[in-house]
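Working notes for the structure below.
Counting convention: from 1, in listed order, for ligands and their atoms alike.
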Amino acid sequence: MWQTLWRPLLAVLALVLIFNFIYGTVSRKVSQDAAEIPYSRFKDELARDNIKGITIKGTVIRGEFRTSIQVVDAGTGGKAARQVARFTSNMPALQDPGLMAGLEAKRVTVTAESAETSPFVSAFIYLLPWLLIIGLWVLFSRSMRAQGPGAMMGGFSKSGAKMYTSQKATVTFSDVAGMEDAKQELQEVVEYLKDPKKFERIGGKAPKGVLLVGPPGTGKTLLARAVAGEAGVTFFSISASQFIEMFVGVGASRVRDLFSGARKEAPSIIFIDELDAVGRSRGAGFGGGHDEREQTLNQLLSEMDGFDPHEEVVVMAATNRPDVLDQALLRPGRFDRRVVIERPDWRDRASILKVHTRKTPLASDVDLTVIAKGTPGMTGADLENLVNEAAILAAREDSKVVTMNHMELAKDKILMGGERKMYLSEHEKRITAYHESGHVLVAKTLPGTDPVHKVTIIPRGMALGVTQQLPEDDRYHYPKSYLMNRLSVILGGRVAERLVFGDISTGAQNDLKVVTELAEKMVCQWGMSEKIGAVTFSRGEAHPFLGMKLAQEKTFSEEMAWLIDQEISAIIKGAEEKAEEILVSRRKELDTLVSALLAEETLDGARIDQVLAGVDEKGEG
Ligand code: ADP
Ligand code: ZN
């Protein structure tokens with residue numbers, strides 16, 4: 001809003017300057033043939049009968065000499081003497097009782113002026129601030145109205161800053177690691193944008209909208225940018241959440257803005273991130289911004305339909321919730337192409353790491369494959385972050401290269417949270433050690449569980465201790481036996497606490513949450529309960545958004561709801577009993593593990609095996 005305010009401010013400033021200038025020249029003119037003289041000098045001149053007349057205003061005397069006198073201005077070193085006919089002087093604050101008599105004796109004309117400034121001037125001075133305030137207010141509200149409803153919220157619907165960014169993309173497919181399928185599919189879009197005429201001659205159907213579907217951080221934005229880079233066209237991007245404002249109509253005008261910008265620069269790509277923010281099915285959801293979203297969506301649809309065949313603009317959009325999108329968006333001629341981007345598997349993770357370490361000096365011991373295998377589930381963004389963290393660690397140690405150790409530490413930090421400095425009493429440490437050892441021992445005993453990568457009782461992130469299991473390879477299917485064992489491992493911590501201390505602590509809270517969610521999914525979505533069988537219920541689903549959940553009909557009876565609860569708790573109970581069985585029978589190993597953990601604080605997978613095999617100190621035996 002300051003862009004609109006500086007003008008009136010400048011005007012006021014100019015007025016003040018002009019006023020000062022005029023006032024200054026006028027007063028300087030007066031002082032040309034006048035001089036300021038000491039009061040004593042004035043008295044001398046009076047005694048010499050050289051005063052013709054004076055005007056007294058407050059303590060200031062202005063007057064005229066009968067014959068002009070010579071004065072020397074201060075600061076000129078006595079060189080600039082001049083004749084003056086007028087003078088000003090200041091009366092001392094002490095009353096000079098003889099003055100009036102002296103003036104009368106010399107027959108000097110005396111005029112007295114009121115010490116107060118003229119009523120007009122003082123009225124003006126009193127009113128000035130109010131005039132300023134009112135003036136600014138008028139200007140301000142006028143510019144506000146000109147900008148439309150969005151202005152009040154600090155945004156601009158049309159004038160002022162653009163909400164979208166446009167640039168020539170510099171990244172290419174070589175900056176995008178892995179995703180060979182996706183690149184393959186998008187190659188066609190590149191061909192089209194590079195040479196639309198040729199593309200149509202060959203008989204290709206011009207692509208209009210491409211929907212990139214995948215979890216956050218998997219490189220959807222990067223890929224869209226790379227398409228623009230490969231084709232050498234301008235890349236317009238905006239996040240759909242920026243369309244949604246408090247005021248109806250703002251979003252629609254932003255959409256219009258974006259499309260007209262892209263049309264001018266065609267061939268070009270428009271990229272809309274988080275499309276689900278505007279693209280949710282209409283008529284669902286409620287509360288503020290609902291009408292606004294519909295208007296914005298309608299505008300988007302009509303812009304996409306309104307493309308002329310010769311307007312070579314491709315709209316790409318990203319979402320991780322394709323299921324909530326309005327069907328109208330997916331119709332032919334709109335986002336009819338869909339490119340699914342999965343989390344990278346370890347091979348892709350290795351190549352992502354390679355891309356992001358291109359400029360990092362790596363020590364010879366760094367094996368990116370090992371890091372890639374140890375980071376299942378991480379996205380490209382996570383891996384980029386990992387490399388970054390490792391480089392920071394190296395810099396902190398003044399190391400010229402990033403070593404494998406730096407990479408491992410960075411990985412731990414991201415997977416388990418940063419280490420936290422906090423004081424734990426010996427007792428709390430013991431509880432934590434038993435809790436974590438419980439997880440470890442159950443995991444070690446049960447077959448088919450993910451290998452334990454590391455266990456620590458150094459507080460990290462939100463947890464007092466962490467047991468980290470990593471799958472050997474990325475998993476896509478989970479058999480019931482695996483899930484049951486997993487439940488036992490998670491409950492192992494709580495069971496160990498109860499076994500040893502006869503009590504359970506709040507430390508197991510997060511474990512319980514995970515357990516409940518997992519058991520609920522097993523029963524309601526994966527049909528893993530024998531009593532209920534192969535049915536799926538909406539229960540336990542991640543709900544797309546609040547409005548839908550409340551509006552949703554319950555598709556099962558009260559009896560079924562009761563049965564579901566029974567089955568969930570039966571599954572959890574079974575898993576807990578299994579964990580207890582294991583820990584009771586291997587109590588001695590549990591104690592061994594705990595003392596090793598208390599002594600060493602962190603144990604990696606190999607060290608855990610050593611401890612369980614009865615090796616006392618690291619490196620020995
Ligand atoms: P999304 O849009 O899917 O949320 P981004 O495209 O914003 O993800 O990705 C975030 C960052 O992660 C990118 O800037 C990039 O540096 C990195 N990244 C993600 N995937 C890859 C990949 N396949 N190859 C290289 N870098 C990647
Ligand atoms: Zn735990």
Side-chain angles (χ1 to χ4, degrees), residues 169-183 186 211-229 235 237-241 271-276 316-321 339-345 347-359 372 378-388 416 431-443 452 455-457 459-469 486-498 504-515 579:
T170 50
V171 292
T172 61
F173 280 163
S174 68
D175 298 295
V176 186
M179 292 201 232
E180 292 310 326
D181 296 347
K183 285 186 206 168
L186 291 170
L211 191 62
L212 302 174
V213 179
T218 45
K220 298 184 291 295
T221 314
L222 183 71
L223 192 60
R225 195 168 266 137
V227 170
F235 184 73
S237 85
I238 194 168
S239 167
S241 56
F271 177 71
I272 304 173
D273 206 356
E274 301 172 67
L275 181 67
D276 40 299
M316 298 182 79
T319 181
N320 58 342
R321 305 296 320 265
V339 175
V340 178
I341 298 173
E342 302 280 357
R343 283 174 196 277
D345 64 10
R347 287 172 198 85
D348 279 354
R349 287 198 297 271
S351 46
I352 292 173
L353 284 170
K354 206 174 272 161
V355 165
H356 285 287
T357 49
R358 279 196 292 219
K359 294 197 189 94
M378 276 202 191
T379 62
D382 297 331
L383 294 168
E384 184 184 13
N385 187 18
L386 190 154
V387 172
N388 217 16
M416 312 199 281
I431 295 178
T432 309
Y434 269 102
H435 180 106
E436 299 307 328
S437 299
H439 289 310
V440 173
L441 204 55
V442 175
V452 178
V455 56
T456 177
I457 54 167
R460 272 175 173 277
M462 294 295 287
L464 296 182
V466 179
T467 301
Q468 194 192 5
Q469 284 177 280
R486 176 147 182 76
L487 288 177
S488 296
V489 171
I490 302 173
L491 288 164
R494 188 180 130 93
V495 171
E497 278 186 52
R498 195 177 52 207
I504 34 183
S505 71
T506 52
Q509 187 195 351
N510 189 50
D511 291 348
L512 286 185
K513 198 167 153 247
V514 175
V515 163

Heavy atom of Pro216, distance to ligand 1 below 4.0 Å: yes
Output yes when a side-chain donor or acceptor of Glu436 lies under 3.5 Å from a complementary backbone atom of Thr467, and no otherwise. yes
Taking 4.0 angstrom as the limit, do Lys183 and Glu180 come out as a salt bridge? yes
May I ask you to check if any N/O/S atom from Glu436 comes under 2.8 Å of the Zn ion (ligand 2)? no
If you take the nearest heavy atom of each of Ala224, Ser239, Ala177, Gly219, which one is closest to atom 23 (N) of ligand 1? Ala177
Salt bridge between Arg358 and Asp175, side-chain N to carboxylate O under 4.0 Å? yes
With respect to atom 3 (O) of ligand 1, which of Lys220, Lys183, Arg349 exhibits the smallest heavy-atom separation? Lys220
Considering only protein heavy atoms, which is closest to atom 7 (O) of ligand 1, and at what distance to one decimal place? Thr221 OG1, 3.6 Å
Closest heavy-atom pair, Met179 versus Gly219, reported as atoms and distance to 0.1 Å, is CE-O, 4.0 Å
Check this for me - ligand 1, Gly217, N or O atoms closer than 3.5 angstrom, yes or no? yes
With the threshold set at under 4.0 angstrom, would you say Asp175 reaches ligand 1 through any of its heavy atoms? yes
N or O contact, Glu384 vs ligand 1, cut-off under 3.5 Å: yes
May I ask whether Gly214 has any heavy atom positioned less than 4.0 angstrom from an atom of ligand 1? no
Step by step, would you call Met316 with Leu211 a side-chain contact (heavy atoms from CB on, under 4.5 Å)? CA-CA 6 Å; Met316 298 182 79; Leu211 191 62; over 6 Å; no
Derivation of the side-chain contact (heavy atoms from CB on, under 4.5 Å) call for Val387 and Leu353: CA-CA 7 Å; Val387 172; Leu353 284 170; 3.8 Å; yes
Do the side-chain N and O atoms of His356 and Asn388 include a donor-acceptor pair separated by under 3.5 angstrom? no
Nearest 10°: the angle subtended at the Zn ion (ligand 2) by His435 NE2 and His439 NE2? 90°
Side-chain heavy-atom pair Ser237, Asp273 within 4.5 angstrom cut-off: no
Among all protein non-hydrogen atoms, which one is nearest to atom 10 (C) of ligand 1, and what is the separation to 0.1 Å? Ala381 CB, 3.8 Å
Given side-chain contact (heavy atoms from CB on, under 4.5 Å), test Phe173 with Val227 step by step and report yes or no. CA-CA 7 Å; Phe173 280 163; Val227 170; 4.0 Å; yes
I need the minimum non-hydrogen distance between Leu212 and Ala224, along with the two atoms involved. CD1-CB, 4.2 Å
What protein heavy atom sits nearest atom 21 (C) of ligand 1, and how far away is it? Leu222 CD2, 3.8 Å
Nearest 0.5 Å, please: how far is CD1 in Ile272 from OG1 in Thr319? 11.5 Å
Proximal atoms of ligand 1 relative to Ile352 (non-hydrogen, under 4.0 Å): 22 (C), 23 (N), 24 (N)
Checking distances from the Zn ion (ligand 2), one finds that the N, O or S atom of Asp511 closest to it is OD2
Where ligand 1 meets Met179 - atom numbers and elements under 4.0 angstrom, heavy-atom basis: 23 (N)
Determine whether any heavy atom of His356 lies closer than 4.0 Å to an atom of ligand 1. yes
Any atoms of ligand 1 less than 4.0 Å from a non-hydrogen atom of Thr218? List them with their elements. 3 (O), 8 (O), 19 (C), 20 (N)
Please list the nearest protein heavy atom to atom 19 (C) of ligand 1 with its residue and the distance rounded to 0.1 Å. Gly380 CA, 3.4 Å
